[in-house]
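Just so we're on the same page: letters track the sequence lines, and every chain starts at 1. No experiment lies behind these values; they were computed from the predicted model shown. Below, all heavy atoms of this structure are taken into account, side chains as well, without hydrogens, waters or symmetry copies.
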Amino acid sequence: MIRAVQITKEYRTEGRVHRALSGVSFSVAKGEKLAVLGRNGAGKSTLIRLLGGVELPTAGFIEQTMSSSWPLGLQGGFQGSLTGNDNMRFIARIYNKPFEHIKEYVEDFAELGKFLSEPVKTYSLGMRARFAFALSLAIDFDCYLIDEIIAAGDQRFQRRSHEELFEKRADRSLILASHMGDFIKAYCSRAIVLHHGRGNLFDDIDLALQVYNDL
Amino acid sequence: MSASTRQRSFGMSRIVPTIGKDFAAQSRVVGALLIREIYTRFGREGLGFAWIVGEPLIFAIPVLFTWSAVRGSSEHGVPMMSFLWTGYLPLLMFRHVGARMLMFVRVNAGLLYHRQVTIFDIFLARCLLEVASSLTAVLVSGVLFYSLGMMDLPRDLPMFYLGYIYMIWWCAVIGLIIGAFSERTDWAEKIWQPYSYLYIFFGGVFYMAAWLPESLRGWALLQPSVQAYELIRAGMFGSVVRTYGDPAYETTILAVLTLIGLLLMRDARKYVIAE
């Protein structure tokens with residue numbers, strides 16, 4: 001279970017306060033799949049980063065009784081100047097997992113071949129997506145925080161992600177920020193729509209998408 | 001419990017989550033950070049690792065040779081090379097630790113994507129690497145100057161070590177404060193530049209308290225760095241010179257500064273904006 005209670009996040013830039021999130025509350029039980037909808041700049045990535053513990057909320061709090069991945073997005077989580085293998089070694093060490101096991105899984109899932117011995121900054125967006133996602137699947141979390149990343153991969157990667165996340169790990173939770181309606185319909189059972197920093201929860205995905213499209 | 005107090009306790013737990021609770025997990029994370037730091041700074045191949053020691057030596061050896069040649073063989077009855085060696089190498093440690101801590105969270109914000117890693121872990125890893133590198137330079141240059149007959153061994157080794165322990169503590173505390181402060185405001189960097197430069201003159205690098213007029217001595221000895229230098233030199237020269245180091249005062253002032261640093265560090269987490 002992950003519970004967000006009245007979380008507010010403010011950023012201070014050049015003396016002005018910008019409120020990205022304003023009193024957002026929701027909870028995600030084990031196995032539940034929640035979509036995060038909202039236009040660009042509505043606070044989707046901010047919310048995912050707060051849930052991942054990357055940044056701290058200005059007010060409110062987040063309670064967690066299950067493990068959650070780091071925010072899987074197009075940025076963050078890796079050291080660009082280090083190779084894929086060295087990034088894997090680092091992550092294996094801090095999450096206390098055997099490197100060999102992780103390497104084997106990532107090699108198979110991400111299909112990066114010799115690129116694993118190249119610096120991560122040379123990867124394309126799709127390769128980064130595959131790498132990040134494979135690594136987080138190898139570590140094995142109760143809840144995956146996904147910021148648009150699956151959409152960055154090709155068809156084959158999307159199909160394999162679906163297999164891994166929805167068939168083999170159907171009992172895991174998912175919090176997924178995305179713009180893609182079809183995608184969300186296929187993956188999620190509930191949605192939170194962010195607008196002007198406020199969050200509205202919907203148990204009906206079609207209704208949530210309709211509200212989002214009307215924003 | 002109100003939302004704001006929950007938030008605060010959550011924040012604290014992210015900064016010093018494991019002290020006393022899970023030492024093994026924390027040392028694993030700090031160890032992983034250390035290896036990562038070595039790879040990113042020095043590369044993985046060939047000289048990479050040796051460079052950790054080589055870097056401070058490249059500063060220290062030419063400077064010490066030149067000065068000892070220019071300034072003659074002794075000053076106030078103290079052998080010149082030993083005096084410069086006890087002054088300059090800790091200065092390098094101070095400047096390197098401080099400089100490495102400037103905005104140390106911002107340049108590593110990607111690491112905070114992983115919950116296991118706290119900003120305190122990042123601080124520890126960076127600080128340990130700088131201190132280890134500086135101490136190795138102390139050892140290597142010491143052995144070199146001794147074997148060339150340019151310097152004697154410390155007369156009172158336990159005192160010498162004690163002085164160095166205080167010096168390391170002082171450098172770590174400055175790193176803690178400047179690091180945490182630099183995450184909060186850009187002024188930290190603006191202050192650090194002149195401070196770390198002026199420190200060469202007033203920090204005790206090139207003088208001993210005994211050489212100062214009495215009116216200045218008390219003021220100079222308020223500085224933790226001067227205290228540590230007095231103790232190191234008491235160990236180096238034995239009773240040849242009069243020294244004024246006071247471990248009780250030094251412990252107290254460093255403990256207070258450590259507390260301030262930790263409080264600033266706890267606060268710094270709030271200012272972190274990830275990429």
Side-chain angles (χ1 to χ4, degrees), chain A residues 5-13 20 23 25 45-46 48-64 67-83 85-87 89-96 99 117 119-120 132 135-136 139 141 145 147, chain B residues 1-15 17-18 22 24-45 105 107-119 121-122 125 184-186 266-275:
Chain A
V5 180
Q6 291 292 320
I7 52 176
T8 293
K9 181 66 182 176
E10 289 173 350
Y11 293 103
R12 213 170 282 272
T13 41
S25 299
S45 298
T46 302
I48 299 270
R49 280 203 302 271
L50 292 176
L51 291 171
V54 181
E55 291 173 25
L56 300 180
T58 313
F61 60 92
I62 295 161
E63 265 179 3
Q64 270 184 292
S67 69
S68 72
S69 72
W70 68 91
L72 300 167
L74 296 173
Q75 282 186 314
F78 302 114
Q79 172 73 28
S81 61
L82 292 182
T83 65
N85 278 320
D86 280 341
N87 271 291
R89 262 186 208 101
F90 174 72
I91 283 171
R93 277 190 200 109
I94 61 174
Y95 288 93
N96 204 18
F99 172 67
S117 27
V120 167
L135 201 40
S136 68
I139 305 278
F141 295 101
L145 305 172
D147 190 358
Chain B
M1 199 187 281
S2 78
S4 65
T5 53
R6 287 297 285 270
Q7 153 59 18
R8 211 168 297 142
S9 63
F10 178 67
M12 192 61 200
S13 71
R14 279 298 310 270
I15 286 117
T18 49
D22 197 347
Q26 191 177 19
S27 28
R28 201 181 61 239
V29 170
V30 173
L33 287 168
L34 260 176
I35 297 169
R36 176 186 169 280
E37 184 85 6
I38 292 169
Y39 285 171
T40 48
R41 268 184 70 192
F42 304 103
R44 288 207 59 170
E45 280 124 46
V105 182
V107 300
N108 278 303
L111 283 175
L112 296 174
Y113 269 68
H114 306 286
R115 280 175 201 282
Q116 280 77 355
V117 180
T118 65
I119 61 176
D121 296 331
I122 303 175
R184 177 189 272 255
T185 162
D186 293 337
R266 181 183 72 170
D267 220 32
R269 189 66 179 80
K270 286 196 298 216
Y271 294 87
V272 174
I273 297 172
E275 39 193 46

*How many angstroms lie between atom NZ of B/K270 and atom OG1 of A/T58, to the nearest 0.5 angstrom?*
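Going from NZ on B/K270 over to OG1 on A/T58, the span is 9.5 Å.
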*Roughly how far apart are B/R36 CZ and A/S81 OG, rounded to 0.5 Å?*
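The distance works out to 7.5 Å.
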*Of the non-hydrogen atoms in A/W70 and B/Y113, which two are nearest, and what is the gap between them?*
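Residues A/W70 and B/Y113, closest heavy atoms: CB-O, 2.8 Å.
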[X] versus chain B, the contacting section by heavy-atom distance below 4.5 Å:
X	result
A/I7	neither
A/I94	both
A/N96	both
A/E10	neither
A/R89	side chain
A/S68	both

*Would A/F90 and B/L111 count as a side chain to side chain contact (heavy atoms under 4.5 Å, CB included) if you check the C-alpha gap in whole Å, the side-chain angles of each, and the deciding distance to 0.1 Å?*
CA-CA 10 Å; A/F90 174 72; B/L111 283 175; 3.5 Å; yes
*With side-chain hydrogen bond (donor to acceptor under 3.5 Å, both in side chains) as the test, would you mind laying out the steps for B/R115 and A/S67 before giving the verdict?*
CA-CA 10 Å; B/R115 280 175 201 282; A/S67 69; over 6 Å; no
*Could you look at B/L33 and say if it's the side chain, the backbone, both or neither that has a heavy atom under 4.5 Å from chain A?*
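Its backbone and side chain both get close to chain A.
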_Which of B/N108, B/I35, B/V30 touches chain A most, by non-hydrogen pairs under 4.5 Å_ =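 When all of B/N108, B/I35, B/V30 are compared, B/I35 has the most.
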*Flag, side chain of A/R93 to backbone of B/R28, donor-acceptor distance under 3.5 Å*: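 Absent.
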